[in-house]
Each structure stands twice: as structure tokens, then as C-alpha cells.
Amino acid sequence: MAINSSDVGSLATARRTGVKTIVLSLGGSVLIPSLETNTLSAYAEALGRLADRFQVFVVVGGGGEARRYIGCARDLGVDEATLDELGILVTRLNARLLIAALGRAAYPCVPETYTGARVAGLAGRVVVMGGVAPGQTTDAVAAVLAEEVGADLLVNATSVPGIFTADPKRDPDAIRYETMTPAELLALVSRERLSAGSNTVIDLVAAKVVERSGCPMVVLEGRDPARIVDAILTGVFVGTIVAHGACSPLPL
Ligand code: UTP
């Protein structure tokens, strides 16, 4: 897709007027645990509110439907990379559903590359995308996108309220980090194994990119999207801040 001079002009205007950019990694487990149990309408409303004040990019995960497809194919003996490709297709379908829920507030297509997402962002609407390449999760896509667009904040909305010393769903003694540095996050997730449909809170690629980009990240439980809006606008939330400095990136 070619970028013309008026596109570049509108990007420059957005920068001049100080519009801040948010990238939201929206776990499929919170947006679409299954097609029957989804938070699409509530998210469309919340994202519409954020889009009034910020340039918003959303990267949508695969959720329960991706796990069902991956599980079915794994039973057929399919290799992990092909399972990832299936997962990516489902993330893009989920992205399409969120675009439908957002209506005119959204850019109407699902970008399949980072450059495509940047170009879509020039239209000033909410840009929604899914996975990009095997061997990672949508957290990594969101981290790279945040780096490419120079985001002011990366928000990771997932099924647990932050980053813990262990998986809080399995270990009742797990303790939540209030804040941590990107290097500490990297050390924590380096122990995890990545397989298609894996459940780790942040994947290793995402942690590495957050570490190198320095983009501040907030990890919180995402089932109630109103809480995400509150976190961004007021700075009051339960979760984990991953940042270099002592200063909180919130409120934005
Ligand atoms: P995610 O793991 O990102 O979605 O993608 P999720 O499970 O819904 O996210 P959470 O747990 O709620 O936060 C689903 C699967 O799609 C493949 C992987 O197999 C991943 O587990 N995928 C996704 C890729 O291979 N590459 C991508 O860039 C994105």
C-alpha cells in the first residue's frame, strides 16, 4: 500500500498535537474465551472511549477457539509450526470480529504486517491485528508493534491480574510483582517453554523486545475493559508495571 503526502501530513499533525499512542495486547482468553462467551461489545465501547484521546492499536489473541483448532490438529500429528499457523488464522478471525464490533471507529482491514499496521494507523482509527509469524504469541506482535510505532504505553490485558512469581492459577503462594524492570521480566520468562497455544503470561520474544525498546508495559486482568480505561486515565489499577525507571507511566 503506497503512502501519499496527505497521509504523511496527517501523521505529522497527530505528532504535533501530541496524541499519545497505546498498543493493547488483548488476550483471546479475555476477548473470546469461546464464541459464546465473549466481551466484544464491552471492548468496542471501551476502545471507542480510548480512541477519543489516543491513537490505539490492538493485537488480538486466539482464545479458546485457537486452542480447539490447535488441539484438533495436534491430535493429527501436525508439527508445531503448522499449529502456530492455525493459531494465527484464528487470531486474525478474532481481530475481524472486534473490527465488526467497533464499526466506524476501526480501520476496516486486519493488517498482516507491522508496516501495514503503521500505514493503517495513518487513518486515525483503531487498528486491530492478530498474529504475524510462527514461534511466538500475540504478546510478541504487540511488543514489536509498540517499538515500531514508538508507543507511549504497551498494555497487556490477560486472564491473570499481573505478573506473578509463579502461575497464580496453579500455585496459591504465587506473589504478584507491583513493578519490575524489563531485565527482571526477561529472567523470569526465560525459564518457560514455548509451544503452540501455550499459556505463559508473557512470551520470551515479547520480553526481549520490551527490554530493548524500553516501552513501558502494564500487565493487568482484562475481563472488565472499563478497568483498563480507568487504569490508563487515572493510573489506579491492580497489576504489574514493567519499566526502567521508578516513575509510573500511568496515568497517560
Ligand atoms: P496467542 O497465544 O497470542 O493468543 O495466540 P491467546 O492464547 O488467546 O492469548 P492469551 O493467552 O489470552 O494472552 C494463539 C496462538 O497462535 C499462534 C501461537 O500458536 C499462539 O499460541 N501465534 C500467534 C503464532 O504462532 N504467532 C503469532 O504471531 C501469534
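Bear in mind that the values here come from a model prediction, so they are computed numbers and not experimental data.
Residues passing the side chain to side chain donor-acceptor pair (under 3.5 Å) test with R92, sequence neighbours excluded: none.
Here the side chains of C215 and E147 are not in contact, with every heavy-atom distance at 4.5 Å or above. In this structure, F164 and V219 have side chains that are not in contact, with every pair of non-hydrogen atoms separated by 4.5 Å or more. Considering only heavy atoms from C-beta on, Y114 comes within 4.5 Å of V141 through its side chain. Side chains of L93 and L97 form no contact here, defined as non-hydrogen atoms less than 4.5 Å apart. Between V128 and V110, every side-chain heavy-atom pair lies at or beyond the 4.5 Å cut-off. At a threshold of 4.5 Å between non-hydrogen side-chain atoms, the residues L47 and L24 count as touching.
Between E178 and R176 there is a salt bridge, since at least one side-chain N of the basic residue sits less than 4.0 Å from a carboxylate O of the acidic one.
Atom CG of residue D224 and atom CG of residue D230 lie 8.0 Å apart, to the nearest 0.5 angstrom. Between atom CE of residue M129 and atom CD1 of residue I99 there is a gap of 10.5 Å, rounded to the nearest 0.5 Å. Distance OH/Y177 to CG/L185: 9.5 Å, rounded to 0.5 Å. The CZ atom of F237 sits 6.0 Å away from atom CG of L220, with the distance rounded to the nearest 0.5 Å. Between atom CD1 of residue I202 and atom CG of residue L186 there is a gap of 12.0 Å, rounded to the nearest 0.5 Å. Between I228 atom CD1 and I22 atom CD1 the span is 10.5 Å, to the nearest 0.5 Å.
Under the 4.5 Å side-chain heavy-atom criterion for Ile, Leu, Val, Met, Phe, Trp and Tyr, L86 and L76 are members of distinct hydrophobic clusters. A chain of hydrophobic side-chain contacts below 4.5 Å, direct or via other Ile, Leu, Val, Met, Phe, Trp or Tyr residues, connects V56 to L233. Residues I70 and L89 do not share a hydrophobic cluster, clusters being chains of Ile/Leu/Val/Met/Phe/Trp/Tyr side chains in contact below 4.5 Å. Hydrophobic cluster membership is shared by V132 and Y107, with clusters built from Ile, Leu, Val, Met, Phe, Trp and Tyr side chains linked at under 4.5 angstrom.
The nearest pair of heavy atoms linking V160 to P168 is CG1-CG, 3.7 Å. Contact detail for D167 and K169: the closest heavy-atom pair is OD1-N, 2.9 Å. Closest non-hydrogen pair, L145 versus F57, comes out as CD2-CB, 3.8 Å. For the residue pair G130 and A95, the shortest heavy atom distance occurs at N-CB, 4.2 Å. Here the closest non-hydrogen pair linking I88 and T91 is O-OG1, 2.6 Å. Between G62 and V90, the closest heavy-atom pair is O-CG1, 3.7 Å.
E65 places a side-chain N or O within 3.5 Å of a backbone atom of L35 that can act as its donor or acceptor partner. Side chain of R125 to main chain of R104: a donor-acceptor pair is present (N/O by atom type, distance under 3.5 Å, no hydrogens or angles). Remark: side-chain polar atoms of T240 are paired, donor with acceptor, to backbone N or O of I163 under 3.5 angstrom. D75 places no side-chain N or O within 3.5 Å of a backbone atom of C72 that could act as its donor or acceptor partner. Of the possible polar contacts, none joining the N94 side chain to the V60 backbone as a donor-acceptor pair under 3.5 Å is found. At distances below 3.5 Å, at least one donor-acceptor pair connects side-chain atoms of T113 with backbone N or O atoms of G116. Side-chain N or O atoms of T179 include none that pairs as donor or acceptor with a backbone N or O of I241 at under 3.5 Å.
With P182 as the fixed residue, the side-chain contact (heavy atoms from CB on, under 4.5 Å) test singles out one of E211, K208, R212: E211. None of T234, V155, L153 except one satisfies the side-chain contact (heavy atoms from CB on, under 4.5 Å) rule with L250; the exception is L153.
Every pair passing side-chain hydrogen bond (donor to acceptor under 3.5 Å, both in side chains) that includes a residue from residues 22-34 is listed here, sequence neighbours excluded: S25-D139, S34-E36, S34-T37.
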Next on the checklist: side chain to side chain contact (heavy atoms under 4.5 Å, CB included), that's the test. Do Y43 and V30 meet it? Break it down for me.
Outcome noted: CA-CA 10 Å; Y43 260 102; V30 299; 4.3 Å; yes
